[in-house]
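In this chain, residues are counted from 1 in sequence order.
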Amino acid sequence: MKRIALGCIADDFTGATDLANNLVRAGMRVVQAMGVPSTPLDTEADAVVVALKSRTVPTEEAIAQSIAALQWLQAQGAQQIYFKYCSTFDSTAQGNIGPVTEALMDALAAVPGADLTIATPAFPDNQRTVFKGHLFVGDVLLSESGMQNHPLTPMTDANLVRVLQAQCQRKVGLIDYKVVAQGPMAIARRMEALRAEGVGLAVVDAVSNDDLMRLGPALKGMPLVTAGSGVAIGLPGNFGLSPAAGTSALPAATGLQAVLSGSCSLATNRQVKAFIGSGRPALALDPLQLANNASSVVQDALDWAKPLLKKGPVLIYSSAEPAAVKAVQAQLGVQAAGELVEHALAAIARGLVERGVRQLVVAGGETSGACVQALNISQMKIGPQIDPGVPWCHAHSDAAPEGGLHITLKSGNFGSDDFFSKAFAELA
Ligand code: ADP
């Protein structure tokens with residue numbers, strides 16, 4: 001059997017790609033699987049990232065999916081498990097980060113050392129830093145970053161120890177920046193001290209990649225690590241791996257180009273504006289019209305796109321400002337509005353690929369999950385990075401039977417303002 005070093009469980013699809021991207025750049029050969037595979041791994045890989053769509057589903061369902069992923073990864077010989085969540089710690093007051101972490105700890109209880117894990121969404125390359133347990137997005141606290149208005153997981157408290165403790169039975173502690181600055185030995189000593197205090201989960205400060213590289217060796221042999229994608233840069237070294245050329249090569253890109261955006265995050269709203277401002281064709285979807293007659297809205301969108309695609313990339317989006325999102329949610333309900341829009345964009349994704357789109361940008365974590373499912377994509381090869389956390393990928397899909405398609409899954413708050421144009425330039 002091909003034994004993998006690292007077995008990863010990601011709570012959404014863009015997050016999975018983000019993690020896979022960091023692992024590839026740090027020297028691992030990575031396979032990303034969409035959902036828990038039904039057969040054993042059949043290629044050589046150092047890490048497998050199982051992408052789930054468990055961030056906002058009911059907690060019991062998130063736990064069941066995560067445990068199924070754990071069991072599959074254990075069957076592939078994974079030596080360490082990495083539970084990956086968003087670098088903005090996206091969760092509701094109840095979870096799912098805390099409950100899934102504790103379920104994984106329970107499932108691993110027989111493994112020595114599984115009584116303690118870490119939690120840190122720090123990703124300094126993308127301006128996510130953790131200081132004294134508080135998460136910063138750029139220069140501001142998480143709770144002032146726009147994430148307080150997220151449609152599904154509004155984050156109104158930046159104190160991660162407090163946020164996580166509210167989701168957990170086990171005690172939550174902190175490994176602060178002063179300890180991290182002293183290096184792996186000091187971090188390991190602090191872990192032992194926290195263990196002695198009965199702490200089960202330790203939030204870890206990290207304000208730079210150097211912090212993450214100091215944290216890496218301290219995590220050697222820890223059965224379960226929970227984090228954003230940043231911590232991944234310090235792990236391949238524990239398995240004797242280092243960055244290597246060629247790990248991110250993809251087949252040559254062909255076909256038509258399109259962007260689908262269901263993210264209402266600040267960065268995505270800026271990217272939508274920039275794309276429209278560049279004079280490219282863009283079509284806004286109205287959730288209330290979708291509620292009326294989704295299939296005709298989807299058909300109209302595809303009919304709109306068809307003649308334009310020959311001239312260059314088109315954008316179809318539901319992205320909207322917080323006030324508009326709140327108004328829609330008040331009328332349709334939060335969950336129902338989200339699902340309605342996701343299903344419509346997913347149907348459009350499939351329709352576009354059936355009409356020859358072979359380079360597809362999808363913005364939004366939940367949105368990406370829906371689109372990837374509609375395209376029946378089961379595995380992706382990770383390619384070159386467009387912006388931190390966002391690589392191009394190549395995948396097979398029954399909607400693109402000859403040769404598959406290039407796809408990039410952009411987490412809402414990732415990417416520069418010109419991301420939608422830049423992505424295609426990168427691939428060319
Ligand atoms: P992000 O990565 O920015 O969090 P997601 O796709 O994960 O983006 O989440 C955005 C959610 O908001 C999705 O469920 C999406 O369907 C929903 N949504 C998108 N546009 C609208 C809108 N105009 N009104 C209400 N909900 C929307």
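- By the 6.0 Å contact criterion, CD on Glu197 is enclosed, its count of non-hydrogen atoms from other residues, nucleotides or ligands being greater than 12.
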Quick one, Asn22 with Ser229, criterion side chain to side chain donor-acceptor pair (under 3.5 Å). Give me CA distance, side-chain angles, the key distance, then yes/no.
CA-CA 7 Å; Asn22 274 353; Ser229 67; 3.2 Å; yes
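- Comment: Lys422 does not engage Glu426 in a salt bridge, judged by the lack of any side-chain N to carboxylate O separation of less than 4.0 angstrom.
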Would you check, one step at a time, whether the test side-chain contact (heavy atoms from CB on, under 4.5 Å) holds for Val259 with Ile316?
CA-CA 6 Å; Val259 183; Ile316 298 175; over 6 Å; no
Going by atom type alone, with no hydrogens or angles, which donor-acceptor pairs under 3.5 Å involve a side-chain atom of residues 322-346 and a protein atom two or more places apart or on another chain?
residue	atom	partner	partner atom	Å
Gln329	NE2	Pro151	O	3.2
Glu342	OE1	Lys53	NZ	3.1
His343	ND1	Glu339	O	3.3

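- Here the rule is side-chain hydrogen bond (donor to acceptor under 3.5 Å, both in side chains) with Lys410, and of Asp18, Thr268, Asp387 only Thr268 fits it.
- Under a 4.0 Å N-O distance rule, the pair Asp176/Lys132 does not qualify as a salt bridge.
- Between the side chains of Ser208 and Asp210, not a single donor N or O lies within less than 3.5 Å of an accepting N or O.
- Counting only distance, with no hydrogens or angles, the side chain of Asn269 and the backbone of Ala320 share a donor-acceptor pair below 3.5 Å.
- Proximity of Thr101 to Phe83: side-chain heavy atoms (C-beta onward) are separated by under 4.5 Å at one or more points.
- Counting heavy atoms from C-beta outward, Gln148 and Pro154 have side chains that stay 4.5 Å or more apart.
- Shortest non-hydrogen contact noted between Tyr82 and Val231 is OH-CB, 3.5 Å.
- Ser421 places a side-chain heavy atom less than 4.5 Å from the side chain of Phe275.
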CA sep, side-chain torsions, deciding dist, call: Thr59, Gln94, side chain to side chain donor-acceptor pair (under 3.5 Å)
CA-CA 8 Å; Thr59 302; Gln94 296 76 38; over 6 Å; no
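- Closest of all the heavy-atom pairs between Val100 and Ser66 is CG1-OG, 3.4 Å.
- Tyr85 is not listed as a side-chain neighbour of Asp90, based on a closest heavy-atom distance of 4.5 Å or more.
- Using a cutoff of 4.0 Å between basic side-chain nitrogens and carboxylate oxygens, Arg195 and Glu192 are scored as salt-bridged.
- Considering only heavy atoms from C-beta on, Leu283 stays 4.5 Å or farther from Val314 through its side chain.
- Between the CD1 atom of Ile4 and the CG atom of Asp46 there is a distance of 9.5 Å, given to the nearest 0.5 Å.
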So Leu194 and Leu174, side-chain contact (heavy atoms from CB on, under 4.5 Å) or not? Walk me through it.
CA-CA 8 Å; Leu194 288 173; Leu174 176 66; over 6 Å; no
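- In terms of modelled atom types and a separation under 3.5 Å, the side chain of Ser319 and the main chain of Ser263 share a donor-acceptor contact.
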Report the C-alpha separation of Arg270 and Glu321 in whole Å, then their side-chain angles, then the decisive distance to 0.1 Å, and conclude whether the salt bridge (charged side-chain N to carboxylate O under 4.0 Å, His left out) test is met.
CA-CA 10 Å; Arg270 286 198 300 271; Glu321 299 294 332; over 6 Å; no
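- Nearest heavy atom pair, residue Ala69 against residue Leu52, reads CB-CD1, 4.4 Å.
- Inspection of the Ser261 and Gln271 side chains reveals no N or O donor paired with an N or O acceptor under 3.5 Å.
- Side chain of Arg350 to backbone of Ala374: a donor-acceptor contact under 3.5 angstrom is found.
- Relative ring orientation between Phe414 and Phe123 is described as perpendicular, the plane-to-plane angle rising above 60° on a 0-90° scale split at 30° and 60°.
- Aromatic ring orientation, Trp392 versus Phe424: tilted (interplanar angle from 30° to 60°).
- Closest non-hydrogen pair, Leu141 versus Ala158, comes out as CD2-CB, 3.7 Å.
- Of the possible donor and acceptor atoms, one in the side chain of Glu102 sits under 3.5 Å from a partner among the backbone N and O of Gln169.
- Distance NZ/Lys84 to SG/Cys8: 10.5 Å, rounded to 0.5 Å.
- Arg25 and Gln385 form a side-chain donor-acceptor contact under 3.5 Å, judged by distance and modelled atom types alone.
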Is there a salt bridge (charged side-chain N to carboxylate O under 4.0 Å, His left out) between Glu402 and Arg358 once you walk through the steps?
CA-CA 10 Å; Glu402 20 31 68; Arg358 293 292 178 272; 3.4 Å; yes
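- Side chain of Thr226 to main chain of Ile118: a donor-acceptor pair is present (N/O by atom type, distance under 3.5 Å, no hydrogens or angles).
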Should Val137 and Arg128 be marked as a side-chain contact (heavy atoms from CB on, under 4.5 Å) after you check the CA-CA gap, both sets of side-chain angles, and the distance that decides it?
CA-CA 5 Å; Val137 178; Arg128 304 325 189 238; 3.8 Å; yes
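- The closest donor-acceptor contact from the side chain of His150 to the backbone of Cys264 lies at 3.5 Å or more, if one exists at all.
- Within the 3.5 Å criterion, the main-chain N or O of Leu219 finds a donor-acceptor partner in the side chain of Gln80.
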After noting the C-alpha distance and the side-chain angles of Met191 and Val179, does the key distance pass the side-chain contact (heavy atoms from CB on, under 4.5 Å) rule?
CA-CA 10 Å; Met191 285 177 182; Val179 172; over 6 Å; no
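- Considering CG of Leu235 and CG of Leu23, their distance stands at 7.5 Å, rounded to 0.5 Å.
- Side chain of Asp417 to backbone of Ala267: no donor-acceptor contact under 3.5 angstrom is found.
- The two residues Val130 and Val207 have their closest heavy-atom pair at O-CG1, 3.7 Å.
- Thr17 is listed as a side-chain neighbour of Cys393, based on a closest heavy-atom distance under 4.5 Å.
- Among all heavy-atom pairs drawn from Gly133 and Val203, the shortest one is CA-CG1, 4.2 Å.
- Interatomic distance, CD of Gln74 versus CG of Leu108, reported as 5.5 Å (0.5 Å rounding).
- Taking CG from Leu160 and OG1 from Thr120, the interatomic distance works out to 7.5 Å, rounded to the nearest 0.5 Å.
- A donor-acceptor contact shorter than 3.5 Å is absent between the side chain of His134 and the backbone of Asp157.
- Summarising the geometry, atom CG belonging to Asp106 is positioned 8.0 Å from atom CD1 belonging to Ile67; distances are rounded to the nearest 0.5 Å.
- Between the side chain of Ser411 and the backbone N or O of Gly15 there is no donor-acceptor pair closer than 3.5 Å.
- Side-chain atoms of Arg55 and Asn96, non-hydrogen and from C-beta on, never get closer than 4.5 Å to each other.
- No hydrogens or angles considered: a donor-acceptor pair under 3.5 Å links the side chains of Asp125 and Asn209.
- When side chains are defined from C-beta on, Met380 counts as touching Met34, because their heavy atoms get closer than 4.5 Å.
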